[in-house]
Student: 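Pasting a structure below so you can have a look.
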Amino acid sequence: MEEKEIIAYRKDGQIIDTQTAAEIGCENCEPIYFDNSPDALEVIRHSAAHLMAQAIKALYPDARFFVGPVVEDGFYYDFRVSEKIGDGDLKKIEKKMQQIAKQKLAIERYCISKAEAREKFADDDLKQAVMDRIEDERLCVYRQGDFEDLCRGPHLPNTKWLKSFKLTRVAGAYLGGDSNAEMLTRIYGTAFADKESLKAYLTMIEEAKKRDHRKIGTELGLFMFEDEAGAGLPFWMPKGARLRGRLEQILYRAHRRRGYQPVRGPEILKADMWRTSGHYACYGENMYLTEIDGQEYGLKPMNCIGHILIYKKEIHSYRELPLKYFEYGVVHRHEQSGVLHGLLRVREFTQDDAHIFCTPAQIKPVVIDVLEFVDKVMKLFGFDYEMEISTKPDKAIGDDAIWETATSALKEALDENGFVYGIDEGGGAFYGPKIDIKITDALGRRWQCGTIQVDFNLPERFEMEYIDENNERRRPVMIHRAILGSFERFIAILTEHYAGEFPLFISPTPVVFVPVGEEHTTYCRKLADALAEEDIDSEIYDRNESLAKRIRTAEKQKTPLIVVVGDEEVQKESVAVRDRRKREQYEMAADAFVQFIKEQTSEVRI
RNA sequence: GCUGAUGUAGCUCAGCUGGCUAGAGCACUUGAUUCGUAAUCAAGAGGUCACGGGUUCGAGUCCCGUCAUCAGCUCCA
């Protein structure tokens, strides 16, 4: 059995490479072996980035390099070249990398003063830009063959370790992440200790692509986009609309049970309303503005104003609070063309929006209520989720005392429910602190959907009031909250989470009937009608195709329950059910079947 | 918005360096078949090659612009 080889060490919580260890000694060092541990991958990928840079330099001599860090599942390097580099060039670069790696070049390290480094890279403005960002006065350089680069490390001892890597994509990236700055070329890649792990990773990426909601949405006929109609404007096809309708109904009842009042505001309001709210100034660039009869109007990017104006129409007593208004609010936002992405990022979408008007003292109980609501919804779909509190930013309005009350109310609400949460210091909106809810999907990806935001700003700007127990006018606090976030994004996530195999209660077509012969269609029709009576959608596949073909079609549509009906079933008043979830077939009495589905769908009461 | 790539039938794709009436599979329509759990057979229909301009004797193919999509960047439900 060969001994595993050491490629670096972990010392005092830091990874140091063998080069550094040789220089500063290595007491209390834990060896890092050449394998796929997170520490090892950190080192391997860092060196893979350098190897890629070396290959690029060899192929494009005028290349200038910026930074090349390790990221979540790989690495990248930002650089500038005069030539255009496309996806087709990645193969070429990979090949060059392999050639260089095979030369088994030692990776050496030496350190110099910043002044010396400035001098050394005098003709390289990108390296100078890198140094502008580094505070250390002593900088290190790693050299392998004829290539060297300013770098903190850690690196492998030799390029010979680099065998299992793959360049995945080429893209543009702003220098320093500043959209006003120059755009550099960025190539992403990944690397592992062995070929098998690389292959497994690439397979996983392929699997994820199969679950892509855009692909499944097309296959199942859920939604579509139309170039000629405009970017980021989704169309819901019958099946998608049925699915969405199910979700809307479940959630509507859930809101009503929790004392929310349905309201509805107009899609378009005078621009002055948006000036009062502050959206015109702060969000104007993302708004669609138009002119009607010489007056400027704006399509709503948020639903708050409608709810506020409804609130203000009447005088409210403290006894009414907390007052909860909800709306499936359609909003329009002018997102940048490059960020549109299927249903995950669109220009028109519907939020499951609510605004809760309450006293400062009620913030906590209200938030606890909302958290319970969120938990019910997440559990229903089997999502894990995380919470994050964002606190007061530098630029904020409202008294520190109120901020303090609100922020601690949010924290206490989470603490008392035993929630673990992160804190984003200074990440709140200027008008108040918030809790963001982040869903983790079946592939471990995190999505921001729900949000609970405390707002002191809008009640002030719109001079909202309630009458307290001493018959005095008070200003209410407003809590914005969404649970799904938007139907569009949430359904995209659901689709990928379930890979299109939606649970019975939201499935667009929970039941497909497959009559064995023509003479069995009448019986199917009778059962379908019985289901329709219970608001359950079904289809009858009585086309002129073989039985096997029709079952296959139903399977490909990911139908939860396929019901085959022939002489036997008609005679016995029964059904033969093929259950997608259980992957088995069973027979049951027809009326029991209807009852069964009815129970399955009403169980989702939340 | 920026960088790079892409756009051929409802879907997935072929169409080499410009050269006959633009192809395939699936889906669709019609006919035959009436079938017991993942593809019955046959025939047919379907495309102003994203849109607009240009180069050329000739453009799906080359060039420019617009629109849209994809991978990122910057920003967000």
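Letters A, B, ... are given to chains in the order of the sequence lines, protein chains preceding strands, and every chain is numbered from 1. It should be emphasised that the depicted structure is a prediction, and the values quoted were computed from it without experimental measurement.
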Student: Rounded to the nearest Å, what distance is computed from the NZ atom of residue K556(A) to the P atom of nucleotide rC11(B)?
Tutor: 16 Å
Student: May I ask you to decide if the ring planes of H50(A) and Y77(A) are parallel, tilted or perpendicular, using 30° and 60° as cut-offs?
Tutor: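 Ring orientation of H50(A) relative to Y77(A): tilted.
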Student: What nucleic acid atoms does R481(A) come within less than 4.0 Å of, heavy atoms only: base, sugar-phosphate, or nothing?
Tutor: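 Nothing: the residue R481(A), judged by heavy atoms under 4.0 Å, touches no strand.
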Student: Salt bridge or not between K392(A) and E425(A)? Use side-chain N to carboxylate O under 4.0 Å.
Tutor: no
Student: Among residues at least two apart in sequence or on other chains, which ones pass ring-ring contact (aromatic ring centres under 6.0 Å, His included) with Y325(A)?
Tutor: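 By the ring-ring contact (aromatic ring centres under 6.0 Å, His included) rule, Y325(A) matches F357(A).
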Student: rA77(B), OP1 or OP2 - any side-chain N/O from S486(A) closer than 4.0 Å?
Tutor: no
Student: In whole Å, what is the span from the OH atom of Y283(A) to the P atom of rC75(B)?
Tutor: 14 Å
Student: Under the side-chain contact (heavy atoms from CB on, under 4.5 Å) rule, collect the residues that match up with T553(A), sequence neighbours excluded.
Tutor: Y541(A), K549(A)
Student: List the residues meeting side-chain contact (heavy atoms from CB on, under 4.5 Å) with E348(A), not counting sequence neighbours, and say none if there are none.
Tutor: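 side-chain contact (heavy atoms from CB on, under 4.5 Å) list for E348(A), sorted by chain: L233(A), V330(A), H332(A).
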Student: Work out how far the C1' atom of rU29(B) is from that of rG10(B), and round it to whole angstrom.
Tutor: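 Straight-line distance between the two C1' atoms is 14 Å.
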Student: Under 3.5 Å, which donor-acceptor pairs do the side chains of residues 58-69 of chain A form with other protein atoms, sequence neighbours left out?
Tutor:
from   : atom 1 : to     : atom 2 : distance (Å)
Y60(A) : OH     : K92(A) : NZ     : 3.3
D62(A) : OD2    : S82(A) : N      : 3.3
D62(A) : OD2    : S82(A) : OG     : 2.5

Student: G338(A) near the nucleic acid: base, sugar-phosphate alone, or nothing, with a heavy-atom cut-off under 4.0 Å?
Tutor: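 Base contact - G338(A) has a heavy atom under 4.0 Å of at least one base atom.
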Student: List the residues meeting ring-ring contact (aromatic ring centres under 6.0 Å, His included) with H355(A), not counting sequence neighbours, and say none if there are none.
Tutor: H307(A), H480(A)
Student: With a cut-off of less than 4.0 Å, is there a side-chain N or O of K549(A) near OP1 or OP2 of rA27(B)?
Tutor: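 Yes, within the criterion.
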Student: Who are the side-chain contact (heavy atoms from CB on, under 4.5 Å) partners of A528(A), not counting sequence neighbours?
Tutor: F513(A), R525(A), S538(A), I540(A)
Student: R169(A): what forms a side-chain contact (heavy atoms from CB on, under 4.5 Å) with it, not counting sequence neighbours?
Tutor: Y188(A)
Student: Expressed as a whole number of Å, how far does the P atom of rC51(B) sit from that of rG60(B)?
Tutor: 11 Å
Student: Scan I562(A) against the nucleic acid and name what it touches under 4.0 Å (heavy atoms): base, sugar-phosphate only, or nothing.
Tutor: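 If one applies the 4.0 Å heavy-atom cut-off, I562(A) turns out to touch nothing in the nucleic acid.
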Student: Taking 4.0 angstrom as the limit, do E327(A) and R264(A) come out as a salt bridge?
Tutor: yes
Student: Give one of base, sugar-phosphate or nothing for E568(A), where a contact means two heavy atoms less than 4.0 Å apart.
Tutor: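 Since a base atom lies under 4.0 Å of E568(A), the category is base.
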Student: Should R214(A) be listed as having a side-chain N or O under 4.0 Å from OP1 or OP2 of rA71(B)?
Tutor: yes
Student: Measuring centre to centre across the rings, with the benzene-like ring taken for any Trp, is F383(A) within less than 6.0 Å of H497(A)?
Tutor: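 Centroid separation for F383(A) and H497(A): below 6.0 Å.
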Student: Within this structure, what is the NE2-to-C1' distance between H341(A) and rU69(B), rounded to whole angstrom?
Tutor: 11 Å
Student: Quantified in whole Å, what is the C1' atom distance between nucleotide rU6(B) and nucleotide rC13(B)?
Tutor: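 Their C1' atoms lie roughly 14 Å apart.
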Student: With the threshold set at 4.0 Å, does a side-chain nitrogen-carboxylate oxygen contact exist between D212(A) and R214(A)?
Tutor: yes
Student: Base, sugar-phosphate or nothing for A576(A)? Non-hydrogen atoms, less than 4.0 Å.
Tutor: base
Student: Do the side-chain N or O atoms of H520(A) get closer than 4.0 angstrom to the phosphate oxygens (OP1, OP2) of rU34(B)?
Tutor: no
Student: Answer with base, sugar-phosphate or nothing: what part of the nucleic acid does G485(A) contact at a heavy-atom distance below 4.0 Å?
Tutor: sugar-phosphate
Student: Across the strands shown, which category fits G177(A) at heavy-atom distances under 4.0 angstrom: base, sugar-phosphate, nothing?
Tutor: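 Sugar-phosphate contact only.
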Student: Indicate every side-chain donor-acceptor pair of residues 282-290 of chain A with a distance under 3.5 Å to a residue at least two apart or in another chain.
Tutor:
from    : atom 1 : to      : atom 2 : distance (Å)
Y288(A) : OH     : R333(A) : O      : 3.4

Student: L90(A) has an atom CG; how far is it from atom C1' of rG72(B), in whole Å?
Tutor: 13 Å
Student: Look at R333(A) and rC75(B) and indicate whether a side-chain polar atom (N or O) is within less than 4.0 Å of OP1 or OP2.
Tutor: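 Looking at the OP1 and OP2 atoms of rC75(B), neither is under 4.0 Å from any side-chain N or O of R333(A).
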Student: Expected output check: what is the dot-bracket annotation of RNA chain B, where ( ) and [ ] are pairs inside the strand (brackets for crossing ones), | is paired with another strand, and pairs are Watson-Crick or G-U under 3.5 Å?
Tutor: (((((((..((((.....[...)))).(((((.......))))).....(((((..]....))))))))))))....
Student: With a non-hydrogen cut-off below 4.0 angstrom, is L484(A) in contact with a base, only sugar-phosphate, or nothing?
Tutor: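 Answer is nothing: L484(A) stays at 4.0 Å or more from every strand.
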Student: Toward the 5' end of RNA chain B, which comes first, D212(A) or E519(A), by nearest nucleotide?
Tutor: E519(A)
Student: Within the structure shown, what part of the strands sits under 4.0 Å from R489(A) by heavy-atom distance: base, sugar-phosphate, or nothing?
Tutor: base
Student: Considering the options K210(A), R211(A), K209(A), which one meets the salt bridge (charged side-chain N to carboxylate O under 4.0 Å, His left out) requirement together with E207(A)?
Tutor: K210(A)
Student: Which is true for E83(A) with a 4.0 Å heavy-atom rule: it touches a base, it touches only sugar-phosphate, or it touches nothing?
Tutor: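 The answer is nothing, as E83(A) stays clear of every strand by at least 4.0 Å.
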Student: Within a reach of under 6.0 Å around CD of E584(A), are more than 12 heavy atoms found that belong to other residues, nucleotides or ligands?
Tutor: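 Yes.
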Student: Classify the nucleic acid contact of V346(A) as base, sugar-phosphate or nothing, counting any heavy atom under 4.0 Å across all strands shown.
Tutor: base
Student: Just checking E555(A): base, sugar-phosphate only, or nothing, at a heavy-atom cut-off of under 4.0 Å?
Tutor: base
Student: Hey, would you say the F192(A) and F165(A) ring centroids sit under 6.0 Å apart?
Tutor: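 Judged by ring-centre distance (under 6.0 Å), F192(A) and F165(A) do not meet the cut-off.
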Student: Have a look at A482(A) and say if it touches a base, only the backbone sugar-phosphate, or nothing, with a 4.0 Å heavy-atom cut-off.
Tutor: nothing
Student: Does the base of rG36(B) carry an N or O that pairs as donor and acceptor with the side chain of E569(A) under 3.5 Å?
Tutor: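 Indeed, a donor on one side and an acceptor on the other fall under 3.5 Å apart.
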Student: Taking atom C1' in both rC26(B) and rA14(B), what distance in whole Å separates the two?
Tutor: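 Looking at atom C1' only, rC26(B) and rA14(B) are 15 Å apart.
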Student: N/O contacts under 3.5 Å, protein versus nucleotides 41-51 of chain B?
Tutor:
none

Student: Using atom CZ of R345(A) as one end and atom P of rU74(B) as the other, report the distance to the nearest whole Å.
Tutor: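 These atoms are roughly 12 Å apart.
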Student: Using a heavy-atom cut-off of under 4.0 Å over every strand shown, decide if D567(A) touches base, sugar-phosphate, or nothing.
Tutor: base
Student: Rounding to an integer number of Å, can you tell me how far R550(A) CZ sits from rU34(B) P?
Tutor: 13 Å
Student: Without decimals, in angstroms, what is the distance between E219(A) CD and rU12(B) C1'?
Tutor: 10 Å
Student: For rA77(B), take OP1 and OP2 only and decide whether either is under 4.0 Å from a side-chain N or O of Q448(A).
Tutor: yes
Student: So, is S179(A) close to the rC2(B) phosphate, meaning a side-chain N or O under 4.0 Å from OP1 or OP2?
Tutor: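 For rC2(B), neither OP1 nor OP2 has a side-chain N or O of S179(A) closer than 4.0 Å.
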Student: Let's see if you get this right: which residues in residues 229-242 of chain A place a heavy atom under 4.0 Å from RNA chain B?
Tutor: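 RNA chain B contact set from residues 229-242 of chain A: A231(A), G232(A).
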Student: Would you say the side-chain atoms of R580(A) and T559(A) include a donor-acceptor pair closer than 3.5 Å?
Tutor: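 Not at all, the side chains of R580(A) and T559(A) share no donor-acceptor pair under 3.5 Å.
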Student: By a strict heavy-atom criterion of less than 4.0 Å, which residues belonging to residues 182-190 of chain A are in contact with RNA chain B?
Tutor: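 The answer is M183(A), R186(A), Y188(A).
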Student: Expressed in whole Å, how much space separates the P atoms belonging to rU3(B) and rU74(B)?
Tutor: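 Rounded to whole Å, the distance is 16 Å.
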Student: Mind calculating the distance between NZ (K215(A)) and P (rG10(B)) to the nearest angstrom?
Tutor: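 Taking atom P of rG10(B) as the reference, NZ of K215(A) is at 19 Å.
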